[in-house]
Colleague: 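Just passing along the structure, written as structure tokens.
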Amino acid sequence: MTLVDALNDALPQTQCKRCDFADCRGYAEAIAAGAAGINQCPPGGAAGIERLAALTGRNASALDPAHGREGPRQLAVIDEAWCIGCTLCLQVCPVDCIVGAPKAMHTVIEALCTGCELCIPVCPVDCIALTPVTGEHTGWQAWSAEQAAESRRRYELHRARLQREAAAEAERFELAAAASGAALPIAAAAEPSITQAADRTPAETTDAAAADLVAARHRRSVIDAALARAREARPRR
């Protein structure tokens, strides 16, 4: 086992990015390279710092407050009355623990939520809140090795799914661009819709791309309208 693998195993796998790296493995790689301190993981807390210190031979130090504070594990809870079904939280959840559909209410699978907080800033109607679920237990006292392993497994599946979708999307737009003889609008390629290009003629592929662009603009207008209604109806704080 490499040092990076050992360091990654010692992290809680919440994939919260509070360490300032893209994921837990990215943080482990930075520690191994000497590019990051061992005190940048709030979910791991003091116990996590001790684990990293033992692996690196560095002295344990207090958690760097610039990255957050150690605390109880938290669970994301969606206020169903205010959810507009924009799907933005689904896109950023690193372990795919939020389920729902466009324009439909979303919900969190409690047993799978890592409390990463990544869904909070993307919610346009501020309908997601965090609630502590482990009492006074913090750090690794609030998170088990089994939960960490499951979170890493789900994160790897999440990344693999995104890579498949991105590859399929890129292939579809390349086919459409080749068929039309011109590059497609950037707005079309930026939309997350995934449509299989197999078994289509070039003309059908081009038509599908154009239809997806129209659909994407319609989705954007629906979300904008829902946001306007939600802001108007929600009481002032």
Side-chain angles (χ1 to χ4, degrees), residues 8-19 21-28 41-45 47-48 67-166 168-169 191-194 219 222-223 226-227 230 234:
N8 193 33
D9 285 345
L11 294 170
Q13 303 301 314
T14 56
Q15 317 300 343
C16 65
K17 302 184 181 182
R18 276 175 272 182
C19 59
F21 292 91
D23 51 26
C24 292
R25 186 168 185 86
Y27 179 39
C41 176
H67 299 278
R69 297 183 302 172
E70 179 175 350
R73 185 168 68 86
Q74 300 192 94
L75 171 71
V77 178
I78 296 176
D79 186 338
E80 299 176 1
W82 290 105
C83 178
I84 62 172
C86 70
T87 74
L88 295 178
C89 59
L90 274 70
Q91 297 171 31
V92 300
C93 178
V95 293
D96 291 335
C97 77
I98 303 176
V99 294
K103 296 187 287 184
M105 183 271 296
H106 302 343
T107 191
V108 177
I109 303 174
E110 297 183 7
L112 302 177
C113 180
T114 68
C116 70
E117 303 183 14
L118 296 178
C119 57
I120 302 296
V122 302
C123 179
V125 293
D126 193 24
C127 73
I128 307 176
L130 294 170
T131 182
V133 293
T134 58
E136 297 182 357
H137 295 296
T138 66
W140 274 102
Q141 290 184 341
W143 193 243
S144 69
E146 291 75 20
Q147 287 172 308
E150 177 64 9
S151 293
R152 177 159 56 181
R153 186 186 73 83
R154 292 188 62 83
Y155 177 62
E156 290 170 352
L157 291 173
H158 169 82
R159 289 190 61 193
R161 176 178 62 79
L162 293 184
Q163 290 169 358
R164 289 194 304 271
E165 291 178 353
E169 185 78 344
E191 288 299 323
S193 171
I194 302 298
R219 287 197 301 273
V222 169
I223 290 175
L227 284 172
R234 191 153 197 173

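Computed from a prediction, not measured in an experiment: that's the story for all the values here.
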Colleague: What's the verdict on side-chain contact (heavy atoms from CB on, under 4.5 Å) for Lys103 and Thr87, showing C-alpha distance, side-chain angles and the deciding distance?
Modeller: CA-CA 8 Å; Lys103 296 187 287 184; Thr87 74; over 6 Å; no
Colleague: One pair to check against salt bridge (Lys or Arg N to Asp or Glu O under 4.0 Å): Glu117 and Arg18. What are the steps and the verdict?
Modeller: CA-CA 9 Å; Glu117 303 183 14; Arg18 276 175 272 182; 3.5 Å; yes
Colleague: Where is the tightest heavy-atom contact between Ala148 and Pro12, given as atom of each residue plus distance?
Modeller: CB-O, 3.5 Å
Colleague: Does Cys89 form a side-chain contact (heavy atoms from CB on, under 4.5 Å) with His106? I'd like the steps, not just the answer.
Modeller: CA-CA 9 Å; Cys89 59; His106 302 343; 3.6 Å; yes
Colleague: Can Gln13 and Asn8 be counted as having a side-chain donor-acceptor contact under 3.5 angstrom?
Modeller: yes
Colleague: Does Val125 reach the side chain of Cys83, with side-chain heavy atoms less than 4.5 Å apart?
Modeller: no
Colleague: Show the nearest heavy-atom pair for residues Gly100 and Leu90, with the distance to one decimal.
Modeller: O-CD2, 3.7 Å
Colleague: Do Val77 and Ile128 have side chains that approach each other closer than 4.5 Å (heavy atoms only, starting at C-beta)?
Modeller: no
Colleague: Could you give the distance from CG (Asp23) to CD (Gln15), rounded to the nearest 0.5 Å?
Modeller: 5.5 Å
Colleague: Under 4.5 Å between any side-chain heavy atoms of Ile78 and Thr107, yes or no?
Modeller: no
Colleague: Could you check if a side-chain atom of Tyr27 sits within less than 4.5 angstrom of a side-chain atom of Cys41, using non-hydrogen atoms only?
Modeller: yes
Colleague: Considering non-hydrogen atoms only, spot the tightest contact between Glu70 and Gly45 and give its length.
Modeller: OE1-CA, 3.3 Å
Colleague: Grab the two heavy atoms, one from Val92 and one from Leu118, that are nearest each other, plus how far apart they are.
Modeller: CG2-O, 3.6 Å
Colleague: Could you measure the distance from the CD atom of Gln91 to the SG atom of Cys119? Nearest 0.5 Å is fine.
Modeller: 13.0 Å
Colleague: With the side chain counted from C-beta on, respond yes when Gln147 and Arg73 share a heavy-atom pair under 4.5 Å apart, and no when they do not.
Modeller: yes
Colleague: Just verifying a value: how many Å separate Asp79 CG and Cys123 SG, rounded to the nearest 0.5 Å?
Modeller: 9.5 Å
Colleague: So, taking the atom named CD in Gln74 and the one named SG in Cys16, what distance separates them when rounded to the nearest 0.5 Å?
Modeller: 11.5 Å
Colleague: I'd like to know if the side chain of Trp140 reaches the main chain of Ala47, judged simply by a donor and an acceptor atom lying under 3.5 Å from each other, with no hydrogens or angles considered.
Modeller: no
Colleague: Do side-chain atoms of Glu80 reach the backbone of Met105 as a donor and acceptor pair under 3.5 angstrom?
Modeller: no
Colleague: Say whether, by atom type as modelled, one donor and one acceptor occur between the side chain of Thr134 and the main chain of His137 under 3.5 angstrom.
Modeller: yes
Colleague: Among Arg154, Arg153, Arg161, which one satisfies salt bridge (Lys or Arg N to Asp or Glu O under 4.0 Å) with Asp96?
Modeller: Arg161
Colleague: Is there a side-chain contact between Glu136 and Pro72, using heavy atoms and a 4.5 Å cut-off?
Modeller: no
Colleague: How many angstroms lie between OH in Tyr155 and OG1 in Thr14, if you round to the nearest 0.5 Å?
Modeller: 11.0 Å
Colleague: Just how far is it from atom CG of Leu130 to atom SG of Cys116, taken to the nearest 0.5 Å?
Modeller: 8.5 Å
